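One structure is given here, and the rest of the page talks about it.
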Amino acid sequence: QVQLVESGGGLVQAGDSLSLSCAASGRTFSSYAMGWFRQAPGKEREFVATISWNNNTYYADSVKGRFTISRDNAKNTVYLQMISLKPEDTAVYSCAARTRLGSSMAADYNYWGQGTQVTVSS
């Protein structure tokens, strides 16, 4: 069982930067792929970024070049660094875990955090 807790959300202005963290429980974090997803009000959940157990990364086109996913296995934590934020980035951001290989499909993930709100004002 893996428990995930996100932090770092908040209210920022367009063009600002923000960094999210997701702390995971368990002793096998290094074997998990981690993903970030987001859901805006009235919209479906969408993929943001994923990092595999071997640090391969993959991003949604909408965030490529602005967001960076990384992990620190010693701290059981995955990060999402966001720059040049836009109002359309406003959403609840959730991290998720699955074994080994990353995926852009939410259904592939076994464990989810509760989410953290990111609001970008124009």
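Owing to the predicted nature of the structure, the values given are computational and were not obtained by experimental measurement.
A search for side chain to side chain contact (heavy atoms under 4.5 Å, CB included) contacts involving Trp112 returns Phe37, Arg45, Ser94, Ala96, Ala106, Tyr109, not counting sequence neighbours. When the side-chain hydrogen bond (donor to acceptor under 3.5 Å, both in side chains) test is applied to Thr119, the partners found at least two apart in sequence or on another chain are Gln117. Qualifying side-chain hydrogen bond (donor to acceptor under 3.5 Å, both in side chains) partners for Thr57, counting only residues two or more places apart in sequence or in other chains: none.
Atom-to-atom distance recorded for Ser52:OG and Ile69:CD1 is 9.0 Å, nearest 0.5 angstrom. To the nearest 0.5 Å, atoms CE (Met34) and CH2 (Trp53) are separated by 16.0 Å. Between atom CZ of residue Arg66 and atom OG of residue Ser84 there is a gap of 7.0 Å, rounded to the nearest 0.5 Å. Atom CG of Leu18 sits about 12.5 Å away from atom CD1 of Ile83, to the nearest 0.5 Å. One distance of note links CE of Met82 with OG of Ser17; it measures 9.0 Å at 0.5 Å rounding. For the atom pair OG of Ser25 and CG of Leu4, the computed distance is 7.0 Å after rounding to the nearest 0.5 Å.
Side-chain atoms of Gln13 and Val120, non-hydrogen and from C-beta on, never get closer than 4.5 Å to each other. Counting heavy atoms from C-beta on, the side chains of Val118 and Thr90 never come closer than 4.5 Å. Here the side chains of Thr68 and Tyr79 are not in contact, with every heavy-atom distance at 4.5 Å or above. By the 4.5 Å heavy-atom criterion applied to side chains, Tyr59 and Val48 are not counted as neighbours.
Side-chain contact of Asn73 with Ser30: a donor-acceptor pair under 3.5 Å is absent, judged by distance alone.
One finds a salt bridge joining Lys64 and Asp61 here, because a Lys/Arg side-chain nitrogen approaches an Asp/Glu carboxylate oxygen to under 4.0 Å.
With hydrogens and angles ignored, the 3.5 Å screen pairs a side-chain donor or acceptor of Glu6 with a backbone N or O of Cys95.
The two residues Ser122 and Ala14 have their closest heavy-atom pair at CA-CB, 4.3 Å. Between Gly9 and Leu20, the shortest heavy-atom contact is N-CD2, 3.6 Å.
Side-chain heavy atoms closer than 4.5 Å link hydrophobic residues (I, L, V, M, F, W, Y) into clusters, and following such links, even through other members, never connects Val92 to Leu85. Under the 4.5 Å side-chain contact rule for hydrophobic residues, Leu80 and Phe47 do not share a cluster. The hydrophobic clustering, which links ILVMFWY residues whose side-chain heavy atoms are closer than 4.5 Å, places Tyr58 and Val63 apart.
For the pair Arg71 and Tyr32, the cation-pi criterion (under 6.0 Å, within 45° of the ring axis) is not fulfilled.
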(message) If you apply the rule side-chain contact (heavy atoms from CB on, under 4.5 Å), what do you find for Cys22 with Trp36, and how did you get there?
(response) CA-CA 9 Å; Cys22 173; Trp36 284 99; 3.7 Å; yes
(request) Evaluate the criterion side-chain contact (heavy atoms from CB on, under 4.5 Å) for residue pair Arg98 and Tyr111; output intermediate values, then yes/no. (result) CA-CA 7 Å; Arg98 69 185 300 262; Tyr111 306 101; over 6 Å; no
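The number of heavy atoms from other shown groups lying within 6.0 Å of CD (Gln3) does not exceed 12.
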